Amino acid sequence: MSRGVIPTQGGYTPSRVPARSVGVGALVLAMITLAAGCGSGSSSSGTSTSAGGVKLVAAGKLTTCTHLPYAPFQSSEGGKIVGFDIDMIDLVAKKLGVTQTVVDTPFEGIKSGQDLNTGKCDIAAAGMTIKPERAKVIDFSVPYFNATQALLIKKGTGYASLESLSGKKLGDQSGTTGKDYVTSQHPAGVTVTEFEDLATLQQALATDQIQGAVDDLPVWTDYIKKNPGKFEIGAEFNTGEQYGFGIKKSGNPELLKTVNQVITAAKSDGTYNTIYEKWFGTKPAS
Ligand code: ARG
């Protein structure tokens, strides 16, 4: 149903219908209502299409699910959601001829595929690591970023391993690969506390509720830079992770194809490097 049809029908106002044809006027109104209902119904049920023939949950928009904050991949700055992932997905939106709109939602619903399955968004961009169990419930793009885990500590406290925190408190983030890593190590004598998001985990370390925090290295590097002299990396754990954008499992192969094309093109034409330098201040290691 073309949206252009609606204003045309709206031109038939009851006043232009002869007084004795009230029934016809009512019918015309009913048709206008039906047409309007049809238009909004198609956009919310995921059947609207963009110019590129790719299905989108809301007409004219590429809707992205993310979990804030996760700078420099996604964070809210001056009321705007910005970051490396946001810039990458903007390239996809541009290719589709639509604009990106971002939904902030807990990481659990993102990594379980639930948000994609329920049509909350078209794509998940959340610094999300590609893992076999996640790939069973989500279609992942080609990898777009390499990461590892790391232990963040307060500067000068000297903790250089998880074991060194015996008798102390360690924090990690719900649902993440950092949490998985800590769980797999079960460091003896360490009290582990889980935090719902990165901001509360950072806050806990800053206020000495915990003595160490495990999360992805690139977010710690960014945090250290933004808080000079306060924090440092105690240890790096070489988990060899790769991030991928998520798409509804077997739900949108056209979008998956477009995303992969955009990542590959950005890497070969220098756009990827430009975006990388904008958010990390250095060129990517090749
Ligand atoms: N890379 C980690 C994972 O996939 C952490 C991602 C957390 N992302 C976020 N936006 N909160 O588990």
Side-chain angles (χ1 to χ4, degrees), residues 66-88 102 104-107 110 125-129 144-182 185 187 190-239 241 243 273-285:
T66 197
H67 184 212
L68 302 176
Y70 213 66
F73 299 96
Q74 48 266 314
S75 64
S76 184
E77 272 170 35
K80 261 194 86 183
I81 299 171
V82 298
F84 181 87
D85 286 357
I86 306 300
D87 281 356
M88 289 298 292
V102 184
D104 179 25
T105 184
F107 192 65
I110 294 176
M128 179 164 54
T129 303
Y144 69 90
F145 200 91
N146 296 333
T148 59
Q149 293 301 312
L151 171 69
L152 187 75
I153 58 173
K154 269 198 161 170
K155 202 169 174 78
T157 55
Y159 303 110
S161 65
L162 296 187
E163 297 69 41
S164 70
L165 285 161
S166 184
K168 307 282 177 205
K169 290 184 180 138
L170 173 68
D172 56 23
Q173 185 180 345
S174 307
T176 63
T177 48
K179 162 117 220 126
D180 292 345
Y181 181 76
V182 170
Q185 300 302 301
V190 181
T191 307
V192 179
T193 309
E194 185 177 321
F195 294 83
E196 165 57 26
D197 59 37
L198 184 67
T200 52
L201 179 58
Q202 290 166 337
Q203 190 61 20
L205 184 65
T207 57
D208 303 312
Q209 294 167 53
I210 54 174
Q211 286 68 49
V214 171
D215 214 305
D216 295 23
L217 178 62
V219 299
W220 288 151
T221 307
D222 186 76
Y223 188 58
I224 290 168
K225 231 193 292 174
K226 286 176 183 158
N227 296 275
K230 290 194 180 156
F231 305 98
E232 63 185 324
I233 298 297
E236 282 185 34
F237 312 114
N238 204 354
T239 49
E241 297 175 43
Y243 295 169
N273 284 5
T274 306
I275 295 175
Y276 191 103
E277 276 194 80
K278 173 179 167 191
W279 294 104
F280 297 95
T282 55
K283 283 198 167 46

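Quick caveat: nothing in here was measured; it's all calculated off a predicted structure.
- Thr200 contributes atom OG1, which lies 9.0 Å from atom CD of Gln209 (distance to the nearest 0.5 angstrom).
- Distance CZ/Phe84 to CZ/Phe145: 6.0 Å, rounded to 0.5 Å.
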What do the steps show when you test Leu68 against Asp197 for side-chain contact (heavy atoms from CB on, under 4.5 Å), and what is the final call? CA-CA 7 Å; Leu68 302 176; Asp197 59 37; over 6 Å; no
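- Checked against ring-ring contact (aromatic ring centres under 6.0 Å, His included), Tyr223 has the following partners two or more places apart in sequence or in another chain: Phe231.
- Leu170 has its side chain out of reach of Thr193: every pair of non-hydrogen atoms, C-beta onward, lies at least 4.5 Å apart.
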Start with the C-alpha distance between Leu151 and Ile233, add both sets of side-chain angles, then the distance that settles side-chain contact (heavy atoms from CB on, under 4.5 Å), and finish with yes or no. CA-CA 6 Å; Leu151 171 69; Ile233 298 297; 6.0 Å; no
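- Rounded to the nearest 0.5 angstrom, Gln173 CD and Phe107 CZ are separated by 7.5 Å.
- The distance from atom CD1 of Ile86 to atom OG1 of Thr66, rounded to the nearest 0.5 Å, is 5.5 Å.
- If you check the side chains of Glu241 and Gln149, you find a donor sitting under 3.5 Å from an acceptor.
- Using a cut-off of 4.0 Å between Lys/Arg side-chain N and Asp/Glu carboxylate O, Asp215 and Lys179 are scored as not salt-bridged.
- Side-chain contact between Thr191 and Ile210 is absent, with no heavy-atom pair separated by less than 4.5 Å.
- If you check the side chains of Tyr243 and Asn146, you find no donor sitting under 3.5 Å from an acceptor.
- When all heavy atoms are compared, the tightest approach of Ala125 to Gln74 is O-OE1, 2.8 Å.
- Put simply, OH on Tyr70 and CG on Asp222 are 11.0 Å apart, with the number rounded to the nearest 0.5 Å.
- With contacts defined as side-chain heavy-atom distances shorter than 4.5 Å, the pair Leu162/Val214 qualifies.
- The number of heavy-atom neighbours closer than 6.0 Å to NZ of Lys230, taken from other residues, nucleotides and ligands shown, is 12 or below.
- In this structure, Trp279 contributes its side chain and Phe73 its backbone to no donor-acceptor pair below 3.5 Å.
- With Asp216 as the fixed residue, the side chain to side chain contact (heavy atoms under 4.5 Å, CB included) test singles out one of Thr148, Thr239, Thr177, Thr176: Thr177.
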Give the C-alpha distance, both sets of side-chain angles, the deciding distance and a yes or no for side-chain contact (heavy atoms from CB on, under 4.5 Å) between Thr105 and His67. CA-CA 5 Å; Thr105 184; His67 184 212; 6.0 Å; no
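- For the pair Gln211 (side chain) and Lys169 (backbone), a donor-acceptor distance under 3.5 Å is present.
- Listed here is the closest heavy atom pair of Pro72 and Phe280: CG-CE2, 3.4 Å.
- Atoms OG1 and NZ, on Thr274 and Lys283 in that order, are 8.5 Å from each other to the nearest 0.5 Å.
- In plain terms, the two heavy atoms of Ile110 and Ala126 that are nearest each other are CD1-CB, 4.2 Å.
- Of all non-hydrogen atoms in Ser164 and Ser161, the two that sit nearest each other are OG-O, 2.6 Å.
- Looking at Ser174, its side chain does come within 3.5 Å of a backbone N or O of Phe195 through a donor-acceptor pair.
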Given the rule in the side-chain contact (heavy atoms from CB on, under 4.5 Å) test, do Val82 and Asp87 qualify, once you have shown the distances and angles that lead to the verdict? CA-CA 7 Å; Val82 298; Asp87 281 356; over 6 Å; no
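- Using modelled atom types, no side-chain atom of Thr157 and backbone atom of Ile153 make a donor-acceptor pair closer than 3.5 Å.
- With contacts defined as side-chain heavy-atom distances shorter than 4.5 Å, the pair Pro284/Asn273 qualifies.
- Counting non-hydrogen atoms of other residues, nucleotides and ligands closer than 6.0 Å to NZ of Lys168 gives a total of 12 or fewer.
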